[in-house]
Amino acid sequence: MSTIELTLRDDHGRIIDQVKKYPMDWKSQSFHDIEGAVENFKQIALPDIEAELLEAAQNAFTEDKKKI
């Protein structure tokens, strides 16, 4: 089984979110299995990524307001 690891970084290279691991399970190397594994990855990973980016934006906004 393969694994995809993601680290979200800002424009300055600072880590927004720690590495997350997503297993990529395809039973064989067929196109159909790989396509299914990628679709499963998108359904699992994209909500996590969106949530982390929204949280980072909210934190940046809050910090910016504290400076005023």
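Reckoned from all heavy atoms, side chains included, excluding hydrogens, waters and symmetry mates.
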How many angstroms lie between atom [atom1] of [X] and atom [atom2] of [Y], to the nearest 0.5 angstrom?
{"X": "L53", "Y": "D48", "atom1": "CG", "atom2": "CG", "value": "11.0 Å"}
{"X": "Q43", "Y": "E39", "atom1": "CD", "atom2": "CD", "value": "5.0 Å"}
{"X": "K42", "Y": "I49", "atom1": "NZ", "atom2": "CD1", "value": "12.0 Å"}

ask   = Are L46 and V38 connected in a single hydrophobic cluster, I mean Ile/Leu/Val/Met/Phe/Trp/Tyr linked by side-chain heavy atoms less than 4.5 Å apart?
value = yes
query = Under a single-linkage definition using a 4.5 Å side-chain heavy-atom cutoff for Ile, Leu, Val, Met, Phe, Trp and Tyr, are I15 and L6 assigned to the same hydrophobic cluster?
reply = no
note = Here the pair of heavy atoms bringing D17 nearest to K20 is OD2-CE, 3.0 Å
request  = Locate the shortest heavy-atom distance separating I16 from E52; write the atom from each residue and the value.
outcome  = CG2-O, 4.2 Å
query = So, do N40 and M24 sit near enough that their side-chain heavy atoms are less than 4.5 Å apart?
reply = no
Within residues 49-68 or reaching into it, pairs that qualify as ring pair (Phe, Tyr, Trp, His ring centres under 6.0 Å) - sequence neighbours excluded = none
